[in-house]
Amino acid sequence: MTGAIIAGGAGTRLRPFTYTRPKPMMPLANKPLVEYQVELMARHGARDVVFCAGVGAEAVEDYFKEYSTSELLVKFSIETTPLGTAGAVRFAEPHMNEDTVVVTNGDNLVDYDLSALVEFHKKNRADATIGLMTVPSPTPCGIVRTDDAGRVTAFEEPSEAIKKALASGQIKPDGVVTVNSGIYVLEREALLRIAYGANCSIEREFFPSLVRDGLRVFGYPLAGYFLDIGTPAAYLRAHRDVLSGAVEVDIIGNREPAGFWSMGEVQIDPSAKVSSRCHLGLGCRIGAGAVIDDFSSIGAGCVIGDGAKIEGSVLLENVVVGAGAMLVGAILDKDSRLGDGAVLGAGSIVASGSILLGS
């Protein structure tokens with residue numbers, strides 16, 4: 001199969017972090033989020049992966065331009081104007097080596113059995129197969145209806161009233177339904193129904209048109225891990241799940257005797273304590289008596305002052321944390337500075353280049 005990763009979103013809910021990098025390139029335990037998807041596709045038999053990139057394409061291409069090996073070829077399809085989810089995949093079609101294409105959204109952390117999904121697709125001679133997941137109902141997401149054989153019969157969008165009531169908490173879910181997971185298997189012939197260069201939504205236009213025209217569209221219930229890393233809270237949860245082993249992924253770096261991961265050369269004072277469920281980036285320095293507690297990720301070049309305590313927090317590149325400072329559930333973007341004795345509680349967000357004075 002060919003893998004196609006949609007990596008063109010603006011990541012507005014993760015601002016200010018996505019002002020300086022595209023959402024799929026957000027570091028997750030010091031490795032870009034989208035790299036976990038590339039590895040997942042390779043484990044399930046993809047021999048070529050095409051990035052359908054738009055916003056922030058330069059960062060994606062720069063990181064992966066030398067990623068190809070004899071076993072996996074990485075290619076890039078760069079759209080100059082927004083083409084929508086289906087339009088972007090259609091635009092990438094000339095780069096695809098195989099007629100069967102597995103499509104994922106590059107801003108999710110997933111661990112699904114893609115081989116089983118493709119096997120189901122082939123067994124049913126499907127033109128398209130939608131990976132399904134179960135969510136509480138009512139839901140703001142579109143519902144996918146299937147018959148007993150798994151063939152898609154209808155798509156149902158919730159009303160604006162339902163969406164507003166859910167957002168305000170006026171109604172609570174009391175059931176379950178199946179929705180689109182953002183993972184698909186497509187045959188090239190079906191994909192070619194989209195005009196090259198046209199703007200088209202895969203969810204709202206492409207799939208409904210296939211069903212309407214009688215093509216073989218199936219839904220397959222996926223079992224495994226899924227997380228949309230669309231908010232700072234979800235970003236922190238992703239680190240917790242990766243570093244705790246709740247999701248099975250390849251964590252970059254070396255597993256040190258004390259249990260934590262590190263990216264090569266790091267300097268840790270003998271009196272400092274680093275939890276086994278932490279990740280340290282290349283060249284970071286941990287001062288005397290400092291504590292790096294569970295589910296924390298420290299980026300490359302960071303400096304942690306003497307006696308500082310960091311718990312369940314994410315520091316991106318070249319952050320400086322002053323002596324005696326305390327962070328709990330915080331995210332600090334690259335090149336930010338935190339003064340001596342400063343305290344950041346749960347939900348704190350520090351933008352790139354910021355300077356926060358201490359006590």
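Both backbone and side-chain heavy atoms feed into the values below; hydrogens, waters and symmetry mates do not.
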Would [X] end up clustered with [Y] when hydrophobic side chains under 4.5 Å apart are linked, directly or stepwise?
| X | Y | result |
| --- | --- | --- |
| I298 | V242 | no |
| L344 | I349 | no |
| L315 | L282 | no |
| L28 | W261 | yes |
| Y235 | L327 | no |

Take atom [atom1] in [X]; do more than 12 heavy atoms of anything else shown fall under 6.0 Å from it?
| X | atom1 | result |
| --- | --- | --- |
| E156 | CD | yes |
| R125 | CZ | no |
| I355 | CD1 | no |
| R151 | CZ | yes |
| R216 | CZ | yes |

Between [X] (side chain) and [Y] (backbone), is there a donor-acceptor pair under 3.5 Å?
| X | Y | result |
| --- | --- | --- |
| N124 | A126 | no |
| N254 | E256 | no |
| S244 | R240 | yes |
| Y196 | G87 | no |
| R145 | F155 | no |
| D306 | G324 | no |
| D340 | A323 | yes |
| H239 | A29 | yes |
| Y112 | I183 | no |
| N105 | N108 | no |

Just distance, no hydrogens or angles: give the donor-acceptor pairs under 3.5 Å from side chains in residues 97-104, sequence neighbours left out.
unit_1 : atom_1 : unit_2 : atom_2 : d
N97    : OD1    : K75    : NZ     : 3.1
D99    : OD1    : R188   : NE     : 2.7
T100   : OG1    : K122   : NZ     : 2.5
T100   : OG1    : E187   : OE1    : 3.4
T100   : OG1    : E187   : OE2    : 2.8
T104   : OG1    : Q37    : OE1    : 2.4

Heavy atoms, side chains only, cut-off 4.5 Å: are [X] and [Y] in contact?
| X | Y | result |
| --- | --- | --- |
| T80 | I78 | no |
| V320 | L338 | no |
| T129 | V217 | no |
| D62 | K65 | yes |
| L316 | P27 | yes |
| D250 | I252 | no |

F207 ring center near Y184 ring center (under 6.0 Å):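 Ring centroids of F207 and Y184 are less than 6.0 Å from each other.
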L191 vs M96, side-chain contact (heavy atoms from CB on, under 4.5 Å): CA-CA, chis, key distance, verdict: CA-CA 12 Å; L191 188 60; M96 299 173 181; 4.1 Å; yes
Would I6 and V89 count as a side-chain contact (heavy atoms from CB on, under 4.5 Å) if you check the C-alpha gap in whole Å, the side-chain angles of each, and the deciding distance to 0.1 Å? CA-CA 7 Å; I6 301 172; V89 179; 3.9 Å; yes
Pair K31, E39 - check salt bridge (charged side-chain N to carboxylate O under 4.0 Å, His left out), show working. CA-CA 12 Å; K31 182 164 75 173; E39 293 171 341; 2.9 Å; yes
Under the salt bridge (charged side-chain N to carboxylate O under 4.0 Å, His left out) rule, what do R193 and D213 come out as? Steps first, then yes or no, please. CA-CA 11 Å; R193 289 167 54 91; D213 293 346; 2.5 Å; yes
Worked verdict on H279 versus I251 for side-chain contact (heavy atoms from CB on, under 4.5 Å): CA-CA 9 Å; H279 200 283; I251 298 177; 3.6 Å; yes
Kindly indicate, with the supporting measurements, whether the criterion side-chain contact (heavy atoms from CB on, under 4.5 Å) is fulfilled by R90 and L192. CA-CA 7 Å; R90 170 63 179 93; L192 291 175; 3.6 Å; yes
Please tell me whether Y67 and E35 have a donor and an acceptor in their side chains that are separated by less than 3.5 angstrom.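 The criterion, which ignores hydrogens and geometry beyond distance, is satisfied for E35 and Y67.
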Under 3.5 Å, is there a donor-acceptor pair linking the side chains of D48 and T2? yes
Measure the [atom1]-[atom2] distance between [X] and [Y] for me, rounded to the nearest 0.5 Å.
| X | Y | atom1 | atom2 | answer |
| --- | --- | --- | --- | --- |
| L132 | T146 | CG | OG1 | 6.5 Å |
| R43 | E248 | CZ | CD | 8.5 Å |
| S115 | L117 | OG | CG | 9.0 Å |
| L114 | L40 | CG | CG | 4.5 Å |
| H95 | C52 | NE2 | SG | 9.0 Å |
| D294 | S276 | CG | OG | 6.0 Å |

Do you know which two heavy atoms are closest between [X] and [Y], and how far apart they sit?
| X | Y | value |
| --- | --- | --- |
| G219 | V152 | N-CG2, 3.8 Å |
| S313 | A330 | OG-N, 3.0 Å |
| S201 | A86 | C-CB, 3.8 Å |
| G339 | A325 | O-CB, 3.9 Å |
| C278 | I292 | SG-O, 3.6 Å |
| A42 | L72 | CB-CD2, 4.2 Å |

With [X] via ring pair (Phe, Tyr, Trp, His ring centres under 6.0 Å) - residues at least two apart:
| X | value |
| --- | --- |
| F76 | F51 |
| Y220 | F120 |
| H121 | none |

Using the test side-chain contact (heavy atoms from CB on, under 4.5 Å), find all partners of E311 that sit at least two apart in sequence or belong to another chain.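 Only D293, K309, V328 meet the side-chain contact (heavy atoms from CB on, under 4.5 Å) criterion with E311.
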Partners of K334 by salt bridge (Lys or Arg N to Asp or Glu O under 4.0 Å), sequence neighbours excluded?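 Scan of K334 (salt bridge (Lys or Arg N to Asp or Glu O under 4.0 Å), adjacent residues dropped) gives none.
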Going through the checks in order, is the salt bridge (charged side-chain N to carboxylate O under 4.0 Å, His left out) test met by K23 and D228? CA-CA 11 Å; K23 184 178 173 183; D228 172 9; 3.6 Å; yes
